[in-house]
Structures are given as C-alpha cells and as structure tokens.
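Predicted model only: the values in this text are computed from it and were never measured.
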Amino acid sequence: LHDMELVRKIVELGHRIRKEQNIKVRQPLSQLQIEKQSRLGGTKDLLAIIADELNIKQVEIVDSLSKDTGWIITEDKNIKIAIYTAISPDLRQEGLAREIIRAVNGLRKELNLTPNDIVSAVLDTNDTELKDCLEKWGKEISNKCRFNNLAFGKIGDDEKSHQINIEGNDILLTINF
C-alpha cells in the first residue's frame, strides 16, 4: 500500500511537470527519474504503472537526478523526480499520431459509428509533418480508428469530407461505410 501511495504521488508530480511545461499526456516523453531516497521499491510493475500513467518510455530509480538541459525537477516532501521534456522527432510523430487517433475517434462518435463499425478512409493534408506522421504511423492509426482500409491522397471537392485540426494544421478525411 505504501508503494502504491508513492506511485500515485509520483504520477501527480509528473502531471504537474507536464502541465507547467504545457505538454499533453498524449505526447510521449522519453525518460523519468525517481531519486532513490524517495523510497519507492523499484519493482518493474510499479515503474511500468508510472510509465503508463504518464506516457513515458523509460522510468528509472537513480542515486541523483540529472540536472542537464531538458530535465525538469520537482519535489514534494521526500519525493523527488525529474522528467526529460525535450521531444525528439520520433516522439513528436508518435504524439501527433495519438492526436490524429483522438480526433478521428471523436469524429467517429459524431457520426454515430460504433467500435464494431469497420470503415475505410482517405486522409489528405498539405502539412509535411502530418504527411510524414500519417505515412509512418498509418498502420497504428488504422488499427486504433478501426479502418479496414486507409489511403492517403487528394480528396475531390465533390466528395463528402470532414476536417480535423491537429495542432493548427488541417487534415481532410472521408469515411466510407
């Protein structure tokens, strides 16, 4: 029980850093350090819970926290953590993919589609970063959005399309039942 309370507190501190740095939880981050004196039993299960709750790839217990550029340290009573907040291009693309999945699934809900409704889709954007993300993460997006077919290409003016906005950039989307 003591360890779970510490896990909860560490997750709260992690959310505080994300909020202060204006980084959404959907945006994965690479590392979180927990100072050893925080007395968290370093079982892999507890570290996995923290990693999952905060969307962080690697969580480790260390003797002292990194003070290098990009690390943000916070503490509360006897718990000290640091999160590496610099976002690599790969992590950025993964975060964009999660934003796309969230937006598409929101659109599916608006269209009264159920999770059992398998549909096909065509996506189109002029934004290079989003295009790269769609190409790299297309399979994951397709799986999470329940597409049996996902294509990328120009959408004609005569086609019924929907617009989703991802960080200020538009994606046009047609969904075929």
Side-chain angles (χ1 to χ4, degrees), residues 7-8 10-12 14-33 44-60 70-72 83-177:
V7 165
R8 186 180 55 76
I10 289 166
V11 169
E12 283 176 17
H15 283 302
R16 179 191 306 165
I17 289 175
R18 279 184 172 277
K19 186 174 182 182
E20 288 169 357
Q21 299 299 311
N22 199 24
I23 301 171
K24 296 176 183 175
V25 177
R26 279 187 295 276
Q27 174 59 60
L29 296 173
S30 61
Q31 289 180 284
L32 177 140
Q33 296 177 339
K44 286 187 178 185
D45 290 342
L46 294 177
L47 298 180
I49 291 169
I50 294 166
D52 188 53
E53 288 292 317
L54 290 172
N55 192 15
I56 294 179
K57 301 291 183 184
Q58 180 185 350
V59 177
E60 59 187 350
W71 287 90
I72 305 295
I83 295 180
Y84 188 64
T85 58
I87 299 168
S88 71
D90 285 345
L91 289 175
R92 170 120 174 97
Q93 278 201 341
E94 186 177 343
L96 286 173
R98 288 175 181 215
E99 289 289 335
I100 292 167
I101 291 165
R102 180 200 55 77
V104 169
N105 282 333
L107 179 60
R108 284 180 61 99
K109 188 175 181 178
E110 284 177 31
L111 296 173
N112 294 319
L113 294 173
T114 70
N116 293 331
D117 293 327
I118 311 293
V119 297
S120 62
V122 178
L123 298 174
D124 181 21
T125 183
N126 290 326
D127 184 75
T128 309
E129 187 178 32
L130 285 175
K131 277 183 183 174
D132 291 345
C133 175
L134 290 169
E135 287 173 17
K136 181 176 181 182
W137 288 89
K139 187 171 184 166
E140 175 85 4
I141 292 167
S142 196
N143 288 339
K144 299 274 177 155
C145 295
R146 308 285 289 155
F147 296 146
N148 63 355
N149 186 28
L150 175 61
F152 310 107
K154 287 288 175 208
I155 296 174
D157 293 336
D158 57 331
E159 295 182 71
K160 175 125 175 76
S161 64
H162 305 275
Q163 186 173 320
I164 56 176
N165 188 285
I166 306 297
E167 296 188 2
N169 295 300
D170 293 329
I171 295 177
L172 281 180
L173 167 69
T174 61
I175 294 181
N176 303 305
F177 303 92

Undergrad: Report yes if the side chains of Leu54 and Leu29 come closer than 4.5 Å at any heavy-atom pair, otherwise no.
TA: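 They are not in contact (no side-chain heavy atoms under 4.5 Å apart), so the answer is no.
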
Undergrad: Using side-chain contact (heavy atoms from CB on, under 4.5 Å), reason through Val11 and Arg8 one step at a time and then give a plain yes or no.
TA: CA-CA 5 Å; Val11 169; Arg8 186 180 55 76; 5.8 Å; no

Undergrad: Without swapping roles, check the side chain of Thr125 against the backbone of Asp170 for a donor-acceptor pair under 3.5 Å.
TA: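 Side chain of Thr125 to backbone of Asp170, a donor-acceptor pair under 3.5 Å: yes, one is there.
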
Undergrad: About how many Å separate OH of Tyr84 and CD1 of Ile72, when rounded to the nearest 0.5 Å?
TA: 10.5 Å

Undergrad: Between Asn55 and Arg26, is there a donor-acceptor pair closer than 3.5 Å when you use the side chain of the first and the backbone of the second?
TA: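 Checking the backbone N and O of Arg26 against the side chain of Asn55, a donor-acceptor pair under 3.5 Å is found.
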
Undergrad: Nearest 0.5 Å, what's the CD1-CD distance between Ile83 and Gln31?
TA: 11.0 Å

Undergrad: Of all the heavy-atom pairs spanning Ile166 and Glu99, show the shortest one and how long it is.
TA: CD1-O, 3.6 Å

Undergrad: Look up atom CD1 in Ile141 and atom CD in Glu135, then write down how far apart they are to the nearest 0.5 Å.
TA: 11.0 Å

Undergrad: How long is the gap from CG on Leu150 to CG on Leu134, to the nearest 0.5 Å?
TA: 7.5 Å

Undergrad: Do Asp117 and Arg108 have side-chain heavy atoms sitting under 4.5 Å apart?
TA: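 Asp117 vs Arg108: side chains touch.
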
Undergrad: Considering all heavy atoms of both residues, which atom of Leu91 and which atom of Ser30 are nearest to each other, and what is their separation?
TA: CD1-N, 3.6 Å

Undergrad: Stepwise, does the side-chain contact (heavy atoms from CB on, under 4.5 Å) test hold for Ile10 with Glu53?
TA: CA-CA 10 Å; Ile10 289 166; Glu53 288 292 317; over 6 Å; no

Undergrad: Take atom NZ of Lys131 as the centre, draw a 6.0 Å sphere, and report whether it contains more than 12 heavy atoms from other residues, nucleotides or ligands.
TA: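 For Lys131, atom NZ is crowded (more than 12 foreign heavy atoms under 6.0 Å).
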
Undergrad: Is any side-chain heavy atom of Lys24 closer than 4.5 Å to a side-chain heavy atom of Arg98?
TA: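 A side-chain contact is absent here, since even the closest heavy-atom pair is not under 4.5 Å.
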
Undergrad: Would you please name every residue forming a side-chain hydrogen bond (donor to acceptor under 3.5 Å, both in side chains) with Arg18, sequence neighbours left out?
TA: none

Undergrad: Quick check: closest heavy atoms across Ala97 and Cys133, and the distance to 0.1 Å?
TA: N-SG, 3.5 Å

Undergrad: Looking at Lys57 and Glu94, does any basic side-chain N land under 4.0 Å from a carboxylate oxygen?
TA: yes

Undergrad: Has the side chain of Thr85 got a donor or acceptor atom that lies under 3.5 Å from a matching backbone atom of Gly70?
TA: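 Yes, the answer is positive, given that a donor and an acceptor are paired below the 3.5 Å cut-off.
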
Undergrad: Taking Arg92 for its side chain and Ile87 for its backbone only, find out whether a donor-acceptor pair lies under 3.5 Å.
TA: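 No, because the side chain of Arg92 does not come within donor-acceptor range (under 3.5 Å) of the backbone of Ile87.
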
Undergrad: Does any part of the side chain of Glu60, heavy atoms only, come nearer than 4.5 Å to the side chain of Leu47, both counted from C-beta?
TA: no

Undergrad: CG/Leu173 to CG/Leu123 distance, rounded to the nearest 0.5 angstrom?
TA: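 If I round to the nearest 0.5 Å, the distance is 5.0 Å.
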
Undergrad: Considering non-hydrogen atoms only, spot the tightest contact between Gly138 and Phe152 and give its length.
TA: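 Shortest heavy-atom contact: CA-CZ, 4.2 Å.
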
Undergrad: On a heavy-atom basis, which atom in Asn105 and which in Cys145 lie closest, and how many Å separate them?
TA: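 Minimum heavy-atom contact is OD1-CA, 3.6 Å.
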
Undergrad: Assess the residue pair Val119 and Leu111 against the criterion (side-chain contact (heavy atoms from CB on, under 4.5 Å)); give the C-alpha distance rounded to whole Å, side-chain angles, the decisive distance to 0.1 Å, and a yes or no.
TA: CA-CA 12 Å; Val119 297; Leu111 296 173; over 6 Å; no

Undergrad: Side chains of Glu167 and Leu130, heavy atoms from C-beta outward: is any pair under 4.5 Å?
TA: no

Undergrad: Can you find a heavy atom in the side chain of Val104 that is under 4.5 Å from one in the side chain of Phe147?
TA: yes

Undergrad: Where do Val122 and Ile155 come nearest, in terms of heavy atoms and distance?
TA: O-CD1, 3.6 Å

Undergrad: Might you confirm whether atom CG of Asn22 has over 12 heavy atoms from other residues, nucleotides or ligands at distances under 6.0 Å?
TA: no

Undergrad: Is there side-chain contact between Phe177 and Leu113, with at least one heavy-atom pair below 4.5 Å?
TA: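 Yes; the side chains approach each other to less than 4.5 Å.
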
Undergrad: How long is the gap from CD1 on Ile164 to CZ on Arg102, to the nearest 0.5 Å?
TA: 8.5 Å

Undergrad: Is Asp90 paired with Lys136 through a side-chain N to carboxylate O contact shorter than 4.0 Å?
TA: yes

